[in-house]
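One structure below.
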Amino acid sequence: MSSRRLITNLKGIFTPDPAIPWGTIRIEEGALAIQDGHVAWMGARADLPRPWEDAEQIDGQGRWALPGFVDPHTHLLFGGDRSHEFNERLHGVTYAELAARGGGIRETVRATRLASVEELVEIGEERLRKLARKGVVHLEAKTGYGLALEAESRLLEAYDELQRRGWSLDITLMPAHDLPPEFAGEPDRYIRTVAQEWQPELVRRFPGVARFCDVFVEQGVFTVDHGRQILESGRKLGLTPRIHADEFCHTGGAELAAELGAASADHLMFCSENGMKAMAGAGVTPTLLPATTLFLGMRDFAPARRMIEAGCRVALASDFNPGSCACLDPLLILRLGCLQLRITFEEAFTAMTLHAARSLGREDLGHLTPGALARVALWDVQHPLELVYWMGEAYIPTVLP
Ligand code: NIG
Ligand code: FE
């Protein structure tokens, strides 16, 4: 039996328009018809096609219907607690100095290696519940706090279990997130090991679980050439490349993403003009993480406007992780998009829905036009712009289905 449901009594509908670059659709007094979990019709209540009049009705309670958020960059699963670093940074210790003294990512790696799969699943579910409550309906999540074959394998097993429990996730393999102590001073050997042994083995153990691969290309971490090795070998295994690029200085990570036709290049605070043009030409989604820039106390936010002018379809993401962005709040990202990246509300919202979903290859998410999955967030606001205007307000949407 097919299900037919109609959301009525909506104050309005606001959605990106997938047919027009950066276009949005805004309908007052709207109604949404949903057939078998997909949007079948969207428009003004007064224009509802007759056959929908007798569908099961859902009361929109005078709210605005928006597509749920998609978060295309998170490091969801990790153990331990690095909140002490927050204050150390306020005392003047830099992120790089914390890492150099064995803290930073490596501190989280030590804690994550001690966690069982069951513990990781529990930690993951708690975080996913928080995100879902705030309107996130799909997200990308990376491995990368194991940095050893068995520990990365446990992270993948935990993600597999979270997907089985019904969480809507796309998984990214990222053992090249940092150099583990076992390979100290030998980044070339580590990269070869990940590219030639671990990635193939992890894909063999968990077929179809990971869809993407990622690497941290940054001065003092991995080079552009290391990045190329990881992403090319990942691609041969059927994984689509993403990349952490140009976060603390310009390394050419965005150019590499364009060369390889990566799905996204992320961070990009120090992206070059050439990098922007190359990404626009190659259809790479620049994924900007303004809460990370804020959390790290950095002055230079990513040049979002110049990227849009270069022709890029920019996305926004949280980068949720224990060291550079302890943030599970999509509204903060949206607000920082407007206030620090200086893009409009419509642009920031599109970047957190349609463009985020497209960078994950999900044409059926991030909008509410016919054919989309009906993952609808109903917000109790007079107008969608309120979500950013009332800066500290903790709006909680009702999420359908
Ligand atoms: O995306 N840049 C590398 N990885 C994370 C930070 C990870 C950490 O500090 O634990 C990021 O910002
Ligand atoms: Fe990240």
Side-chain angles (χ1 to χ4, degrees), residues 71-86 88-89 93-113 115 123 127 139-147 151-152 155 170-180 187 212-223 226-227 230 241-249 251 253-254 257 262-271 285-298 300-302 315-328 333 336 356 359-360:
D71 190 340
H73 182 145
T74 80
H75 302 256
L76 184 76
L77 289 185
F78 56 84
D81 173 16
R82 271 162 63 203
S83 52
H84 64 91
E85 275 185 8
F86 187 89
E88 284 174 67
R89 281 194 286 105
V93 189
T94 67
Y95 182 76
E97 285 163 353
L98 287 163
R101 57 159 97 138
I105 293 179
R106 280 172 225 181
E107 181 173 335
T108 302
V109 168
R110 285 192 292 277
T112 306
R113 285 180 178 180
I123 291 169
R127 293 171 186 161
L139 55 107
E140 182 263 13
K142 303 174 197 296
T143 73
Y145 287 107
L147 306 191
E152 288 288 310
L155 286 165
D170 275 316
I171 308 306
T172 298
L173 274 192
M174 197 181 180
H177 188 199
D178 199 2
L179 192 62
F212 298 96
C213 53
D214 197 342
V215 53
F216 189 14
V217 171
E218 191 60 55
Q219 203 171 48
V221 191
F222 298 119
T223 63
H226 291 147
I230 293 290
R242 315 183 81 81
I243 181 171
H244 281 61
D246 301 327
E247 178 179 3
F248 295 101
C249 62
T251 58
S264 78
D266 304 32
H267 284 294
L268 302 174
M269 279 99 98
F270 292 92
C271 182
T285 300
T287 300
L288 310 183
L289 315 170
T292 304
T293 317
L294 179 79
F295 197 85
L296 291 177
M298 291 168 75
D300 296 307
F301 282 77
L316 293 184
S318 70
D319 192 24
F320 170 66
N321 76 75
S324 68
C325 193
C327 174
L328 289 169
I333 314 295
L336 290 174
S359 89
L360 297 170

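Note that ligands are numbered from 1 as they come in the structure, with each ligand's atoms numbered from 1 the same way. Not measured: the values here are computed from a predicted model.
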Considering non-hydrogen atoms of the protein only, which is the closest contact for atom 5 (C) of ligand 1, and what is the distance?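 Its nearest protein heavy-atom neighbour is His177 NE2, 3.7 Å.
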Considering only protein heavy atoms, which is closest to atom 12 (O) of ligand 1, and at what distance to one decimal place?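 Here the nearest protein heavy atom works out to Ser324 OG, 2.6 Å.
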Determine whether any heavy atom of Asp319 lies closer than 4.0 Å to an atom of ligand 1.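 Right, Asp319 reaches ligand 1.
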Out of curiosity, is Tyr95 lining ligand 1, as in a heavy atom under 4.0 Å away?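 The answer is yes: ligand 1 sits under 4.0 Å from a heavy atom of Tyr95.
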Report yes if some N/O of Thr292 lies less than 3.5 Å from some N/O of ligand 1; otherwise report no.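 It does not: no N or O of Thr292 is found under 3.5 Å from an N or O of ligand 1.
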N or O contact, His244 vs ligand 1, cut-off under 3.5 Å: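 Yes: some nitrogen or oxygen of His244 is under 3.5 Å from one in ligand 1.
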Has Arg127 got a side-chain atom pairing as donor or acceptor with Leu76's backbone, closer than 3.5 angstrom?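 Looks like yes, one N/O pair under 3.5 Å.
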Look at the rings of Phe222 and His226 and say which category their plane angle falls in: under 30° parallel, 30 to 60° tilted, over 60° perpendicular.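 Taking His226 first and then Phe222, their aromatic rings stand perpendicular (interplane angle over 60°).
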Could Glu97 and Arg89 be called an ion pair, given the rule that one side-chain N must be under 4.0 Å from one carboxylate O?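 Salt bridge: no.
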Tyr95/Phe295 aromatic ring centres below 6.0 Å: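 No - the distance between ring centres of Tyr95 and Phe295 does not fall below the 6.0 Å cut-off.
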Quick check, are the ring centers of His177 and Tyr145 under 6.0 angstrom apart?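 For His177 and Tyr145, the ring centres are under 6.0 Å apart.
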May I ask you to identify, for Glu218, whether its side chain, its backbone, both or neither come under 4.0 Å of ligand 1 on a heavy-atom basis?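 For Glu218, there is no contact with ligand 1 at all, from either part.
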Heavy-atom contacts under 4.0 Å between Tyr145 and ligand 1: side chain, backbone, both, or neither?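 The part of Tyr145 near ligand 1 is the side chain, not the backbone.
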